[in-house]
Amino acid sequence: MSENFDTDVIVIGAGLAGATAARELGARGVDSIVLEARDRLGGRLYTEKRFGKYLELGGNWMHWTQPHVWAEITRYGLEADRLARAEETFWFANGEVRKGDLPGFMKLIDPGMEALVGNSGKLLPRPDLVADSEEFKEADQLTLQQALDALDLSDDERQANEAAWVGHCNGPLDQVGFSAALRWTAATSGAWKVMHEASSVYRLKEGNDQLVKAIAGDIKGEVRLDSPVTRIEHDAQGVSVTVEGGQTLRARKAILTAPLNILHELDITPALSEVKREASQAGTASQGVKLWMRVKGPIKPFFAYSTKDHPLSVVRTEFVGEQDAVLVSFGADASRIDVTSIEEVQKALSVWRDDIEILELAAHDWNEDPYAKETWLINRPLAYTQSQAELQRPEGNLHLAGADIANLWAGFFDGAIESGLRVAREVSQDLYRDVAGLETAVV
Ligand SMILES: Cc1cc2nc3c(=O)[nH]c(=O)nc-3n(C[C@H](O)[C@H](O)[C@H](O)COP(=O)(O)OP(=O)(O)OC[C@H]3O[C@@H](n4cnc5c(N)ncnc54)[C@H](O)[C@@H]3O)c2cc1C
(Lines give C-alpha, C1' and ligand atoms only; values in the text may rest on other atoms or scores of the structure.)
Protein backbone atom coordinates (compact mmCIF):
# COMPACT_ATOMS: atom_id res chain seq x y z
CA MET A 1 0.00 0.00 0.00
CA SER A 2 1.58 3.24 -1.13
CA GLU A 3 -0.39 5.70 1.02
CA ASN A 4 1.06 7.34 4.10
CA PHE A 5 -1.34 7.00 6.98
CA ASP A 6 -1.15 8.81 10.33
CA THR A 7 -2.58 5.74 12.03
CA ASP A 8 -4.58 2.60 11.23
CA VAL A 9 -7.91 3.79 12.64
CA ILE A 10 -9.27 7.17 13.70
CA VAL A 11 -11.91 6.86 16.40
CA ILE A 12 -14.27 9.83 16.58
CA GLY A 13 -15.61 10.32 20.10
CA ALA A 14 -14.25 9.30 23.50
CA GLY A 15 -17.49 8.21 25.12
CA LEU A 16 -17.75 4.61 26.28
CA ALA A 17 -18.18 3.29 22.73
CA GLY A 18 -15.14 5.11 21.34
CA ALA A 19 -12.95 4.37 24.36
CA THR A 20 -13.87 0.68 24.28
CA ALA A 21 -13.27 0.46 20.52
CA ALA A 22 -9.83 2.11 20.80
CA ARG A 23 -8.81 -0.13 23.71
CA GLU A 24 -9.85 -3.25 21.81
CA LEU A 25 -8.06 -2.15 18.64
CA GLY A 26 -4.86 -1.68 20.60
CA ALA A 27 -5.23 -5.11 22.16
CA ARG A 28 -5.43 -6.53 18.63
CA GLY A 29 -2.30 -4.72 17.51
CA VAL A 30 -4.14 -2.03 15.55
CA ASP A 31 -2.98 1.59 16.03
CA SER A 32 -5.55 4.29 16.65
CA ILE A 33 -5.95 7.98 17.37
CA VAL A 34 -9.07 9.06 19.26
CA LEU A 35 -10.47 12.52 18.47
CA GLU A 36 -12.86 13.91 21.08
CA ALA A 37 -14.64 17.25 20.73
CA ARG A 38 -15.02 17.91 24.45
CA ASP A 39 -12.36 18.69 27.03
CA ARG A 40 -13.16 15.49 28.90
CA LEU A 41 -13.71 11.78 28.35
CA GLY A 42 -17.10 10.11 28.68
CA GLY A 43 -19.56 11.96 26.45
CA ARG A 44 -23.00 11.30 27.90
CA LEU A 45 -21.34 9.67 30.90
CA TYR A 46 -20.62 12.86 32.80
CA THR A 47 -19.72 12.87 36.49
CA GLU A 48 -19.24 16.13 38.37
CA LYS A 49 -18.45 16.66 42.02
CA ARG A 50 -21.40 18.83 43.05
CA PHE A 51 -23.16 19.28 46.38
CA GLY A 52 -20.26 17.28 47.87
CA LYS A 53 -21.34 14.17 45.90
CA TYR A 54 -20.46 12.49 42.64
CA LEU A 55 -23.42 13.68 40.62
CA GLU A 56 -24.15 11.93 37.36
CA LEU A 57 -25.33 14.65 35.01
CA GLY A 58 -25.58 12.04 32.26
CA GLY A 59 -25.85 8.26 32.55
CA ASN A 60 -26.46 7.06 36.06
CA TRP A 61 -27.33 3.43 36.73
CA MET A 62 -25.97 0.05 35.74
CA HIS A 63 -26.65 -3.56 36.69
CA TRP A 64 -25.28 -7.07 36.60
CA THR A 65 -27.95 -8.04 34.07
CA GLN A 66 -26.08 -5.74 31.67
CA PRO A 67 -23.29 -8.09 30.65
CA HIS A 68 -20.93 -5.74 28.85
CA VAL A 69 -20.80 -3.01 31.48
CA TRP A 70 -20.64 -5.45 34.37
CA ALA A 71 -17.72 -7.29 32.81
CA GLU A 72 -15.83 -3.98 32.86
CA ILE A 73 -16.70 -3.44 36.53
CA THR A 74 -15.26 -6.86 37.29
CA ARG A 75 -12.22 -6.27 35.06
CA TYR A 76 -11.27 -3.00 36.74
CA GLY A 77 -12.42 -3.86 40.26
CA LEU A 78 -14.82 -0.89 40.45
CA GLU A 79 -17.23 -0.63 43.34
CA ALA A 80 -20.95 -0.30 42.72
CA ASP A 81 -23.22 1.34 45.26
CA ARG A 82 -26.99 1.73 45.47
CA LEU A 83 -29.24 4.73 46.01
CA ALA A 84 -30.90 5.29 49.37
CA ARG A 85 -33.72 2.77 49.92
CA ALA A 86 -37.09 4.53 49.74
CA GLU A 87 -39.07 4.53 52.98
CA GLU A 88 -42.03 6.41 51.52
CA THR A 89 -43.64 6.52 48.06
CA PHE A 90 -46.01 9.14 46.71
CA TRP A 91 -48.22 8.91 43.65
CA PHE A 92 -51.35 10.41 42.16
CA ALA A 93 -54.80 8.88 42.20
CA ASN A 94 -58.06 10.66 41.35
CA GLY A 95 -56.15 13.91 41.22
CA GLU A 96 -54.93 13.47 44.80
CA VAL A 97 -51.56 12.55 46.23
CA ARG A 98 -51.41 9.08 47.80
CA LYS A 99 -48.72 8.02 50.21
CA GLY A 100 -47.59 4.44 50.65
CA ASP A 101 -44.52 2.31 50.18
CA LEU A 102 -42.61 1.24 47.08
CA PRO A 103 -43.96 -2.35 47.10
CA GLY A 104 -47.48 -0.82 47.17
CA PHE A 105 -46.72 1.32 44.13
CA MET A 106 -45.14 -1.65 42.33
CA LYS A 107 -48.31 -3.66 43.03
CA LEU A 108 -50.39 -0.86 41.52
CA ILE A 109 -48.43 -0.84 38.27
CA ASP A 110 -47.90 -4.61 38.03
CA PRO A 111 -51.06 -5.52 36.02
CA GLY A 112 -50.30 -2.76 33.50
CA MET A 113 -46.65 -3.73 33.21
CA GLU A 114 -47.47 -7.43 32.77
CA ALA A 115 -50.11 -6.69 30.15
CA LEU A 116 -47.82 -4.29 28.30
CA VAL A 117 -44.45 -6.01 28.28
CA GLY A 118 -45.04 -9.46 29.80
CA ASN A 119 -44.78 -11.00 26.33
CA SER A 120 -41.62 -9.09 25.36
CA GLY A 121 -39.55 -12.27 25.63
CA LYS A 122 -41.82 -13.92 23.05
CA LEU A 123 -41.74 -10.96 20.66
CA LEU A 124 -37.99 -10.55 21.06
CA PRO A 125 -36.51 -13.91 22.06
CA ARG A 126 -32.94 -12.78 21.22
CA PRO A 127 -32.69 -9.09 22.14
CA ASP A 128 -28.93 -9.30 21.53
CA LEU A 129 -29.60 -9.63 17.79
CA VAL A 130 -31.35 -7.28 15.36
CA ALA A 131 -35.02 -8.26 15.55
CA ASP A 132 -36.77 -9.06 12.30
CA SER A 133 -39.90 -11.04 13.21
CA GLU A 134 -43.18 -9.85 11.72
CA GLU A 135 -44.76 -9.77 15.20
CA PHE A 136 -42.09 -7.39 16.48
CA LYS A 137 -42.34 -5.20 13.38
CA GLU A 138 -46.09 -4.94 13.92
CA ALA A 139 -45.60 -3.89 17.55
CA ASP A 140 -42.98 -1.35 16.41
CA GLN A 141 -45.69 0.59 14.57
CA LEU A 142 -47.29 1.64 17.83
CA THR A 143 -46.42 4.46 20.17
CA LEU A 144 -46.05 3.51 23.82
CA GLN A 145 -49.12 5.64 24.52
CA GLN A 146 -51.20 3.65 21.99
CA ALA A 147 -50.03 0.40 23.54
CA LEU A 148 -50.94 1.68 27.03
CA ASP A 149 -54.31 3.00 25.83
CA ALA A 150 -55.20 -0.43 24.49
CA LEU A 151 -54.98 -1.95 27.99
CA ASP A 152 -57.91 -2.38 30.31
CA LEU A 153 -56.64 -0.36 33.30
CA SER A 154 -58.26 1.80 35.95
CA ASP A 155 -57.45 5.52 35.79
CA ASP A 156 -55.14 5.19 38.79
CA GLU A 157 -53.26 2.27 37.27
CA ARG A 158 -52.99 4.05 33.93
CA GLN A 159 -51.63 7.25 35.44
CA ALA A 160 -49.09 5.39 37.56
CA ASN A 161 -47.91 3.27 34.65
CA GLU A 162 -47.56 6.33 32.42
CA ALA A 163 -45.47 8.19 35.01
CA ALA A 164 -43.20 5.16 35.45
CA TRP A 165 -42.66 4.94 31.67
CA VAL A 166 -41.82 8.65 31.42
CA GLY A 167 -39.09 7.91 33.97
CA HIS A 168 -37.72 5.19 31.69
CA CYS A 169 -38.22 6.86 28.32
CA ASN A 170 -37.52 10.55 28.99
CA GLY A 171 -39.91 11.62 26.26
CA PRO A 172 -43.62 12.22 25.54
CA LEU A 173 -45.26 8.78 25.43
CA ASP A 174 -47.15 9.62 22.23
CA GLN A 175 -43.75 9.95 20.49
CA VAL A 176 -42.00 6.99 22.13
CA GLY A 177 -42.04 3.71 20.20
CA PHE A 178 -43.65 0.75 21.97
CA SER A 179 -40.58 -1.18 20.82
CA ALA A 180 -38.46 0.74 23.37
CA ALA A 181 -40.48 -0.74 26.25
CA LEU A 182 -40.35 -4.19 24.65
CA ARG A 183 -36.59 -4.05 24.08
CA TRP A 184 -35.82 -2.90 27.62
CA THR A 185 -37.91 -5.65 29.15
CA ALA A 186 -36.77 -8.35 26.72
CA ALA A 187 -33.21 -7.57 27.87
CA THR A 188 -34.26 -8.95 31.28
CA SER A 189 -36.11 -11.87 29.66
CA GLY A 190 -39.50 -10.28 30.26
CA ALA A 191 -39.08 -9.56 33.99
CA TRP A 192 -40.18 -5.91 34.25
CA LYS A 193 -39.18 -5.54 37.92
CA VAL A 194 -35.63 -6.60 37.09
CA MET A 195 -35.65 -4.14 34.17
CA HIS A 196 -36.78 -1.44 36.57
CA GLU A 197 -33.95 -2.22 39.00
CA ALA A 198 -31.40 -2.52 36.17
CA SER A 199 -32.20 0.99 35.00
CA SER A 200 -32.52 2.82 38.30
CA VAL A 201 -30.57 1.62 41.32
CA TYR A 202 -26.82 0.88 41.13
CA ARG A 203 -24.05 3.29 40.17
CA LEU A 204 -20.32 3.52 40.86
CA LYS A 205 -19.46 4.66 44.36
CA GLU A 206 -16.67 6.99 43.30
CA GLY A 207 -18.49 8.30 40.23
CA ASN A 208 -19.26 6.64 36.90
CA ASP A 209 -16.37 8.45 35.22
CA GLN A 210 -14.14 5.85 36.95
CA LEU A 211 -15.39 3.46 34.30
CA VAL A 212 -14.49 5.47 31.23
CA LYS A 213 -11.17 6.54 32.78
CA ALA A 214 -10.28 2.91 33.44
CA ILE A 215 -11.08 1.88 29.85
CA ALA A 216 -9.27 4.89 28.38
CA GLY A 217 -6.26 4.10 30.58
CA ASP A 218 -5.84 0.91 28.59
CA ILE A 219 -5.91 2.61 25.17
CA LYS A 220 -2.52 2.14 23.52
CA GLY A 221 -2.90 5.00 21.04
CA GLU A 222 -3.29 8.72 21.50
CA VAL A 223 -6.48 10.38 22.80
CA ARG A 224 -6.83 13.99 21.69
CA LEU A 225 -9.37 16.06 23.64
CA ASP A 226 -10.68 19.46 22.42
CA SER A 227 -10.62 18.07 18.87
CA PRO A 228 -14.03 18.47 17.23
CA VAL A 229 -14.15 16.72 13.88
CA THR A 230 -15.52 19.03 11.20
CA ARG A 231 -15.17 16.92 8.05
CA ILE A 232 -14.89 13.26 7.09
CA GLU A 233 -13.97 12.06 3.59
CA HIS A 234 -13.75 8.37 2.85
CA ASP A 235 -12.85 6.31 -0.19
CA ALA A 236 -11.71 2.80 -1.06
CA GLN A 237 -8.20 3.49 0.25
CA GLY A 238 -8.96 5.13 3.57
CA VAL A 239 -10.51 7.98 5.50
CA SER A 240 -9.44 11.63 5.93
CA VAL A 241 -10.67 13.36 9.06
CA THR A 242 -10.37 17.11 9.54
CA VAL A 243 -10.41 18.67 12.98
CA GLU A 244 -11.50 22.21 13.92
CA GLY A 245 -8.51 24.43 13.17
CA GLY A 246 -7.88 22.63 9.87
CA GLN A 247 -5.57 19.70 10.63
CA THR A 248 -6.39 16.62 8.56
CA LEU A 249 -5.44 13.09 9.58
CA ARG A 250 -5.52 10.09 7.29
CA ALA A 251 -6.15 6.49 8.34
CA ARG A 252 -7.11 3.19 6.76
CA LYS A 253 -10.44 3.32 8.55
CA ALA A 254 -12.47 5.50 10.90
CA ILE A 255 -15.05 4.71 13.55
CA LEU A 256 -17.73 7.32 14.15
CA THR A 257 -19.39 7.15 17.58
CA ALA A 258 -21.35 10.44 17.56
CA PRO A 259 -24.91 10.25 18.95
CA LEU A 260 -27.66 9.47 16.44
CA ASN A 261 -29.26 12.93 16.59
CA ILE A 262 -26.14 14.67 15.27
CA LEU A 263 -25.09 12.25 12.52
CA HIS A 264 -26.97 14.15 9.79
CA GLU A 265 -25.25 17.41 10.75
CA LEU A 266 -21.76 16.07 10.12
CA ASP A 267 -19.97 16.94 6.91
CA ILE A 268 -19.33 13.48 5.44
CA THR A 269 -18.32 12.73 1.82
CA PRO A 270 -19.68 10.56 0.29
CA ALA A 271 -22.73 11.22 2.45
CA LEU A 272 -24.16 8.62 4.79
CA SER A 273 -26.93 6.54 3.22
CA GLU A 274 -30.38 8.07 3.02
CA VAL A 275 -31.77 5.71 5.66
CA LYS A 276 -29.04 6.70 8.12
CA ARG A 277 -29.52 10.42 7.46
CA GLU A 278 -33.28 10.20 7.76
CA ALA A 279 -33.05 8.24 11.01
CA SER A 280 -30.83 10.98 12.42
CA GLN A 281 -32.97 13.81 11.10
CA ALA A 282 -36.16 12.30 12.52
CA GLY A 283 -34.42 12.30 15.90
CA THR A 284 -34.98 10.21 18.98
CA ALA A 285 -38.16 10.46 21.05
CA SER A 286 -36.07 11.23 24.14
CA GLN A 287 -36.12 14.98 24.72
CA GLY A 288 -36.68 15.06 28.42
CA VAL A 289 -35.03 16.45 31.47
CA LYS A 290 -32.87 15.06 34.25
CA LEU A 291 -32.49 17.38 37.19
CA TRP A 292 -30.67 17.22 40.52
CA MET A 293 -31.80 19.14 43.61
CA ARG A 294 -30.13 19.60 46.97
CA VAL A 295 -32.87 20.03 49.54
CA LYS A 296 -32.96 20.88 53.22
CA GLY A 297 -32.87 17.89 55.56
CA PRO A 298 -33.36 15.74 57.33
CA ILE A 299 -35.93 13.94 55.15
CA LYS A 300 -36.83 10.27 54.75
CA PRO A 301 -35.73 8.64 51.49
CA PHE A 302 -38.67 8.60 49.09
CA PHE A 303 -39.90 7.89 45.56
CA ALA A 304 -42.60 10.03 43.93
CA TYR A 305 -44.50 9.58 40.66
CA SER A 306 -46.92 12.17 39.30
CA THR A 307 -48.35 12.01 35.76
CA LYS A 308 -46.88 12.01 32.27
CA ASP A 309 -47.93 15.64 31.81
CA HIS A 310 -46.24 17.16 34.86
CA PRO A 311 -42.90 18.89 34.26
CA LEU A 312 -41.36 16.31 36.59
CA SER A 313 -42.96 12.87 36.43
CA VAL A 314 -40.54 11.11 38.78
CA VAL A 315 -38.60 12.44 41.76
CA ARG A 316 -36.60 10.47 44.32
CA THR A 317 -33.84 10.68 46.88
CA GLU A 318 -30.43 9.54 45.69
CA PHE A 319 -28.33 10.63 48.71
CA VAL A 320 -29.65 11.29 52.21
CA GLY A 321 -27.66 13.11 54.90
CA GLU A 322 -28.31 14.63 58.32
CA GLN A 323 -28.58 18.22 57.13
CA ASP A 324 -29.63 17.81 53.51
CA ALA A 325 -30.60 15.32 50.82
CA VAL A 326 -30.01 15.12 47.08
CA LEU A 327 -32.95 14.30 44.82
CA VAL A 328 -32.93 13.31 41.18
CA SER A 329 -35.90 13.88 38.90
CA PHE A 330 -37.04 13.25 35.34
CA GLY A 331 -39.65 14.74 33.01
CA ALA A 332 -40.82 13.98 29.47
CA ASP A 333 -40.09 17.35 27.91
CA ALA A 334 -37.16 19.57 28.83
CA SER A 335 -38.96 22.66 27.54
CA ARG A 336 -41.63 22.35 30.27
CA ILE A 337 -39.33 23.49 33.06
CA ASP A 338 -36.50 25.96 33.59
CA VAL A 339 -33.95 23.86 35.41
CA THR A 340 -32.07 26.93 36.62
CA SER A 341 -35.09 28.38 38.43
CA ILE A 342 -35.45 27.22 42.03
CA GLU A 343 -38.89 28.84 42.08
CA GLU A 344 -40.16 26.83 39.10
CA VAL A 345 -38.68 23.58 40.31
CA GLN A 346 -40.04 24.19 43.81
CA LYS A 347 -43.49 24.58 42.22
CA ALA A 348 -43.09 21.33 40.26
CA LEU A 349 -41.97 19.51 43.41
CA SER A 350 -44.85 20.88 45.44
CA VAL A 351 -47.38 18.70 43.58
CA TRP A 352 -46.30 15.97 45.99
CA ARG A 353 -44.18 17.74 48.58
CA ASP A 354 -44.74 21.31 49.67
CA ASP A 355 -42.75 20.52 52.82
CA ILE A 356 -39.37 20.33 51.08
CA GLU A 357 -37.13 23.33 50.54
CA ILE A 358 -34.81 23.33 47.53
CA LEU A 359 -31.35 24.79 48.17
CA GLU A 360 -29.50 24.21 44.89
CA LEU A 361 -30.06 22.76 41.40
CA ALA A 362 -27.79 21.02 38.90
CA ALA A 363 -28.47 19.77 35.38
CA HIS A 364 -26.89 19.58 31.95
CA ASP A 365 -28.85 20.59 28.86
CA TRP A 366 -28.26 17.54 26.69
CA ASN A 367 -30.85 18.53 24.10
CA GLU A 368 -28.90 21.70 23.30
CA ASP A 369 -25.45 20.16 23.75
CA PRO A 370 -23.95 20.30 20.21
CA TYR A 371 -22.16 16.97 20.70
CA ALA A 372 -25.25 15.08 21.90
CA LYS A 373 -28.59 16.78 21.07
CA GLU A 374 -30.36 13.97 22.91
CA THR A 375 -30.38 12.26 26.29
CA TRP A 376 -30.49 8.47 26.01
CA LEU A 377 -31.74 6.66 22.93
CA ILE A 378 -35.45 6.06 22.83
CA ASN A 379 -36.67 5.23 19.33
CA ARG A 380 -39.78 6.63 17.75
CA PRO A 381 -42.28 4.14 16.27
CA LEU A 382 -40.83 2.25 13.28
CA ALA A 383 -37.39 3.83 13.66
CA TYR A 384 -35.96 0.51 14.82
CA THR A 385 -37.53 -1.51 11.99
CA GLN A 386 -36.50 0.99 9.36
CA SER A 387 -32.98 1.85 10.43
CA GLN A 388 -31.37 -0.38 13.07
CA ALA A 389 -29.62 -2.82 10.72
CA GLU A 390 -28.65 -0.05 8.30
CA LEU A 391 -27.18 2.15 11.06
CA GLN A 392 -24.88 -0.71 12.02
CA ARG A 393 -23.71 -1.19 8.41
CA PRO A 394 -20.34 0.41 7.62
CA GLU A 395 -20.04 2.81 4.69
CA GLY A 396 -16.88 1.58 3.04
CA ASN A 397 -14.05 2.39 5.43
CA LEU A 398 -16.25 4.46 7.72
CA HIS A 399 -17.75 2.36 10.53
CA LEU A 400 -20.42 3.45 13.00
CA ALA A 401 -20.75 2.59 16.69
CA GLY A 402 -22.43 3.85 19.84
CA ALA A 403 -25.04 3.00 22.43
CA ASP A 404 -27.74 4.35 20.13
CA ILE A 405 -27.22 1.56 17.60
CA ALA A 406 -26.49 -1.29 20.02
CA ASN A 407 -28.68 -4.37 20.20
CA LEU A 408 -29.08 -5.53 23.78
CA TRP A 409 -29.19 -2.48 26.04
CA ALA A 410 -29.36 0.24 23.41
CA GLY A 411 -29.18 3.71 24.93
CA PHE A 412 -27.31 2.42 27.99
CA PHE A 413 -23.66 2.26 29.04
CA ASP A 414 -23.92 -1.43 28.31
CA GLY A 415 -24.96 -0.79 24.71
CA ALA A 416 -22.07 1.63 24.20
CA ILE A 417 -19.58 -1.01 25.32
CA GLU A 418 -21.31 -3.74 23.29
CA SER A 419 -21.08 -1.53 20.23
CA GLY A 420 -17.42 -0.61 20.85
CA LEU A 421 -16.52 -4.30 21.11
CA ARG A 422 -18.41 -5.18 17.94
CA VAL A 423 -16.94 -2.42 15.82
CA ALA A 424 -13.35 -3.08 16.98
CA ARG A 425 -13.72 -6.71 16.02
CA GLU A 426 -15.17 -5.84 12.59
CA VAL A 427 -12.55 -3.19 11.86
CA SER A 428 -9.55 -5.24 12.90
CA GLN A 429 -10.80 -8.28 11.01
CA ASP A 430 -11.16 -6.16 7.87
CA LEU A 431 -7.70 -4.66 8.30
CA TYR A 432 -5.99 -7.98 8.82
CA ARG A 433 -7.81 -9.42 5.82
CA ASP A 434 -6.67 -6.47 3.69
CA VAL A 435 -3.08 -6.53 4.86
CA ALA A 436 -2.30 -10.21 5.24
CA GLY A 437 -5.28 -12.07 3.88
CA LEU A 438 -5.88 -13.41 7.38
CA GLU A 439 -9.37 -14.22 8.53
CA THR A 440 -8.86 -13.25 12.16
CA ALA A 441 -7.12 -10.41 13.88
CA VAL A 442 -5.00 -12.54 16.17
CA VAL A 443 -1.45 -11.16 16.30
C1 LIG B 1 -29.34 12.40 31.31
C2 LIG B 1 -28.91 11.02 30.91
C3 LIG B 1 -29.21 9.95 31.72
C4 LIG B 1 -28.82 8.65 31.36
N5 LIG B 1 -29.04 7.61 32.23
C6 LIG B 1 -28.48 6.40 31.97
C7 LIG B 1 -28.48 5.38 32.95
O8 LIG B 1 -28.99 5.56 34.06
N9 LIG B 1 -27.88 4.18 32.64
C10 LIG B 1 -27.27 3.96 31.43
O11 LIG B 1 -26.72 2.87 31.22
N12 LIG B 1 -27.25 4.93 30.49
C13 LIG B 1 -27.81 6.14 30.74
N14 LIG B 1 -27.72 7.15 29.84
C15 LIG B 1 -27.19 6.84 28.50
C16 LIG B 1 -25.69 6.66 28.45
O17 LIG B 1 -25.07 7.73 29.13
C18 LIG B 1 -25.28 6.66 26.98
O19 LIG B 1 -26.07 5.74 26.25
C20 LIG B 1 -23.83 6.27 26.75
O21 LIG B 1 -22.98 6.93 27.67
C22 LIG B 1 -23.48 6.64 25.32
O23 LIG B 1 -22.14 6.32 25.03
P24 LIG B 1 -21.61 6.51 23.54
O25 LIG B 1 -20.15 6.36 23.60
O26 LIG B 1 -22.38 5.66 22.60
O27 LIG B 1 -22.03 8.00 23.15
P28 LIG B 1 -21.52 9.37 23.81
O29 LIG B 1 -21.28 9.17 25.26
O30 LIG B 1 -22.47 10.42 23.40
O31 LIG B 1 -20.10 9.58 23.12
C32 LIG B 1 -19.97 10.16 21.86
C33 LIG B 1 -18.77 11.07 21.92
O34 LIG B 1 -18.58 11.65 20.63
C35 LIG B 1 -18.16 13.00 20.82
N36 LIG B 1 -18.42 13.75 19.61
C37 LIG B 1 -19.62 14.10 19.08
N38 LIG B 1 -19.43 14.81 17.97
C39 LIG B 1 -18.09 14.90 17.76
C40 LIG B 1 -17.28 15.51 16.79
N41 LIG B 1 -17.80 16.19 15.76
N42 LIG B 1 -15.93 15.40 16.89
C43 LIG B 1 -15.36 14.69 17.91
N44 LIG B 1 -16.10 14.11 18.89
C45 LIG B 1 -17.46 14.20 18.81
C46 LIG B 1 -19.00 13.46 22.00
O47 LIG B 1 -18.46 14.60 22.61
C48 LIG B 1 -18.96 12.23 22.90
O49 LIG B 1 -17.90 12.27 23.81
C50 LIG B 1 -28.12 8.45 30.15
C51 LIG B 1 -27.81 9.54 29.34
C52 LIG B 1 -28.20 10.80 29.71
C53 LIG B 1 -27.83 11.96 28.84
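Both ligands and their constituent atoms are indexed starting at 1 by order of listing.
Within the 4.0 Å heavy-atom criterion, both parts of Tyr371, backbone and side chain, lie near ligand 1. Contacts of Leu57 with ligand 1, taken as heavy-atom pairs under 4.0 Å, involve the backbone alone. Counting heavy atoms under 4.0 Å from ligand 1, residue Arg44 touches it through both backbone and side chain. Counting heavy atoms closer than 4.0 Å to ligand 1, residue Asn170 contributes nothing at all.
Residues Leu116 and Leu144 form a side-chain contact, since some pair of their non-hydrogen atoms from C-beta on lies under 4.5 Å apart. At a threshold of 4.5 Å between non-hydrogen side-chain atoms, the residues Arg44 and Pro259 count as touching. Annotation: side chain of Glu88 is not in contact with side chain of Asp101 (no heavy-atom distance under 4.5 Å).
The closest approach between a heavy atom of Gly420 and any atom of ligand 1 is not below 4.0 Å. In this structure, Gly42 has a heavy atom closer than 4.0 Å to ligand 1. Heavy-atom separations between Glu36 and ligand 1 include at least one value shorter than 4.0 Å.
Of the candidates Gln388, Arg126, Arg183, Gln388 is the only one forming a side chain to side chain donor-acceptor pair (under 3.5 Å) with Asn407. Paired with Lys373 under the rule side chain to side chain contact (heavy atoms under 4.5 Å, CB included), one option of Asn367, Asn261, Leu263, Thr284 passes, and it is Asn261.
The nearest heavy-atom contact from the protein to atom 18 (C) of ligand 1 is Gly411 O, 4.0 Å. With respect to atom 8 (O) of ligand 1, the closest heavy atom belonging to the protein is Trp61 N, 2.8 Å. Among protein heavy atoms, atom 23 (O) of ligand 1 sits closest to Ala416 CB, 3.5 Å. Of all protein heavy atoms, the one lying nearest to atom 34 (O) of ligand 1 is Gly13 CA, 3.3 Å. Among all non-hydrogen protein atoms, the one lying nearest atom 32 (C) of ligand 1 is Thr257 O, 3.4 Å. The single protein non-hydrogen atom nearest to atom 45 (C) of ligand 1 is Ala37 CB, 3.8 Å, given as residue, atom name and distance. Counting only heavy atoms of the protein, atom 11 (O) of ligand 1 lies nearest to Phe413 N, 2.8 Å. Summary of contacts: the protein heavy atom closest to atom 13 (C) of ligand 1 is Gly59 CA, 3.4 Å.
Relative to the ring axis of Tyr54, Lys49 places its NZ or CZ within 45° and under 6.0 Å from the centre.
Aromatic rings from Phe105 and Tyr305 are positioned such that their centres are separated by under 6.0 Å.
When each atom of ligand 1 is checked for a heavy atom of Gly43 under 4.0 Å away, the hits are 29 (O), 48 (C), 49 (O). Ligand 1 places these atoms under 4.0 Å from at least one heavy atom of Pro228: 42 (N). Of all atoms in ligand 1, numbered sequentially from 1 with element shown, those under 4.0 Å from a heavy atom of Ile12 are 42 (N), 43 (C). Residue-ligand proximity, Leu35 to ligand 1, at heavy-atom distances under 4.0 Å covers atoms 43 (C), 44 (N).
Using a cutoff of 4.0 Å between basic side-chain nitrogens and carboxylate oxygens, Arg38 and Asp369 are scored as salt-bridged. Using a 4.0 Å cut-off between charged nitrogen and carboxylate oxygen, Arg277 and Glu390 do not count as a salt-bridge pair. Salt bridge present: Glu318 and Arg203 bring a charged side-chain N and a carboxylate O closer than 4.0 Å.
For atom 41 (N) of ligand 1, the nearest non-hydrogen atom from the set Val229, Asp226, Asn60 comes from Val229. Looking at Ser227, Gly58, Ala403, it is Ala403 that brings a heavy atom closest to atom 22 (C) of ligand 1.
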Using the rule given for side chain to side chain contact (heavy atoms under 4.5 Å, CB included), can you reason through Val289 versus Leu312, listing the C-alpha separation, both sets of side-chain angles and the distance that settles it, and then say yes or no? CA-CA 8 Å; Val289 67; Leu312 299 175; 4.1 Å; yes
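Atom CG in Leu400 sits 7.0 Å away from atom CD in Glu395 (nearest 0.5 Å).
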